[in-house]
Amino acid sequence: MKENQLINNLSYDNLDLEGVRKLYMQLEKEEIIKQYTLPKKAGKDGYYRVNISAPTKKNGRTTISAKSIEDLKDKIYQFEKGIIGTARKTFCDVFEIVQKEKTKYIKDKEKLMSVQNTIGRNYSEYRRFFSDTEFERKYIDDITKKDIENVVYMNLSRYDLRKKGLASMKSILRSVFALAFEEYWVTDNVYLRVSFQKYDGMLIKEIPIENRCHSDNDLKRIMEYLHAYQEKKPKYLPAYALEMQIIMGLRRGEIPPLCWSDIKNSYICISKEQITVKKHGENKKERFVVVHHTKTYKDRRFPITDDLDDFFTRLKNAHAKYYSGSQYLFPADNENGIITNNTVYNFYRRMCKKLDIEISRELIKGTHSFRRNAITDVVNATGGNIIMASQLFGNSPEVAKRNYYTGADLKDAMQVLNQRKFSL
């Protein structure tokens with residue numbers, strides 16, 4: 001019946017492929033609705049209700065309610081488009097299900113917020129690569145290897161992407177087709193058949209890591225600026241926070257939640273971070289939440305060096321004058337009682353403008369760049385001990401080497417090379 005109606009409607013001159021797709025969805029919806037006995041009248045509260053089989057529920061069913069029969073039909077269809085429904089699913093449908101599945105099995109509230117933060121980034125990347133494309137509207141079981149290759153080619157043509165950008169696009173494709181294959185919505189995972197190496201020539205050149213950190217001269221000027229600023233405005237804590245980030249190579253989110261109790265006799269314990277949360281689809285401003293874990297879910301200890309000892313002396317003097325009794329190193333008058341992730345970055349940006357230090361997007365020199373300086377210094381000072389550096393700064397050795405280590409110190413290399421003796 002459904003096929004006959006489609007054939008009849010194809011004779012209409014104004015019906016294009018998009019019209020066919022919409023018609024199919026409408027007919028599919030009607031076929032699904034026929035399987036349900038809809039209520040003839042609303043309940044006393046004005047809602048129409050219908051019970052639906054839901055194997056994941058304890059009692060094996062769930063209830064869907066709506067203010068009108070049409071709304072009820074829409075909700076039934078949306079339910080059937082979900083992971084346990086029978087309706088065919090588009091690429092967009094499966095992407096939505098993948099995101100919902102990410103939070104479904106997480107009970108810990110703090111971990112849930114971190115995952116929601118990740119989901120927000122996933123939606124941002126999805127909008128960039130797939131929104132308003134024919135590809136996202138295709139049924140997942142109709143998508144071919146060629147379709148995937150075409151959408152990848154299209155995005156590499158319209159955007160200047162590096163490896164990281166391509167990796168983001170691949171991550172979305174991989175997760176969508178993995179779930180579709182796992183749930184038997186497709187019989188073949190065509191994503192695994194795509195050879196992405198063919199696109200290497202379309203990627204723009206990577207920025208050398210050494211161009212994504214500050215020079216020794218810049219660091220000297222920055223530290224001099226910070227010390228002068230602290231003397232001039234001792235109450236302004238972001239200037240202290242930025243100095244601490246430089247010394248310790250901290251992530252931005254690891255700075256705000258630091259407490260005096262985190263400082264022990266010989267080390268500082270890094271066990272918390274402040275994350276930026278904005279749930280997808282909610283009409284809410286972004287908010288900052290402190291979670292009791294780091295990005296890698298591993299606590300770490302950082303030794304109190306001579307520079308840190310001097311830093312804490314100056315910070316304690318500022319606290320004694322302006323913030324006596326605060327448990328936090330960097331308190332602020334807001335919901336969480338601490339400075340936000342953005343505060344330090346905004347101060348850093350204004351400082352670089354004053355010092356005429358370039359921090360363009362092309363160079364990618366944000367406050368995260370100080371981690372590259374710190375990791376490189378430790379690796380070079382220890383004769384290549386990448387393990388120590390990764391433990392101090394909270395990266396795996398592979399990530400530290402690939403993304404943060406800028407290379408051997410040329411002065412040290414010169415000394416080593418000069419020790420080589422050549423004789424005839």
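The analysis underlying the following values was restricted to heavy atoms, covering all of them including side chains, and did not include hydrogens, waters or symmetry mates. Residues take their numbers from the sequence shown, with the count starting at 1.
- Other residues, nucleotides and ligands contribute more than 12 heavy atoms inside 6.0 Å of the OH atom of Tyr36.
- Using a cut-off of 4.0 Å between Lys/Arg side-chain N and Asp/Glu carboxylate O, Arg252 and Glu273 are scored as not salt-bridged.
- Using cut-offs of 30° and 60° for the angle between ring planes, the Tyr199 and Phe196 rings count as tilted.
- Between Asp132 and Arg127 there is no salt bridge, since no side-chain nitrogen of the basic residue lies less than 4.0 Å from a carboxylate oxygen of the acidic one.
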Asn395 vs Arg371, side chain to side chain donor-acceptor pair (under 3.5 Å): CA-CA, chis, key distance, verdict:
CA-CA 10 Å; Asn395 287 112; Arg371 287 176 63 78; 2.4 Å; yes
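- Note on Arg121 versus Glu125: no salt bridge recorded, every NZ/NE/NH1/NH2 to OD/OE distance being 4.0 Å or above.
- Ion pairing between a basic and an acidic side chain is recognised when a charged N comes within 4.0 Å of a carboxylate O; Asp93 and Arg88 show no such pairing.
- Looking at Glu206 and Lys164, no side-chain N of the basic residue comes within less than 4.0 Å of a carboxylate O on the acidic one, giving no salt bridge.
- The existence of a salt bridge linking Asp71 and Lys75 is excluded, since no basic side-chain nitrogen approaches an acidic carboxylate oxygen closer than 4.0 Å.
- Two rings, from Phe393 and Tyr404, have their centers 6.0 Å or more apart.
- Taking a cutoff of 4.0 Å between a charged side-chain nitrogen and a carboxylate oxygen, Glu224 and Arg221 do not qualify as a salt bridge.
- Residues Tyr139 and Phe91 place their aromatic rings such that the two centres sit no closer than 6.0 Å.
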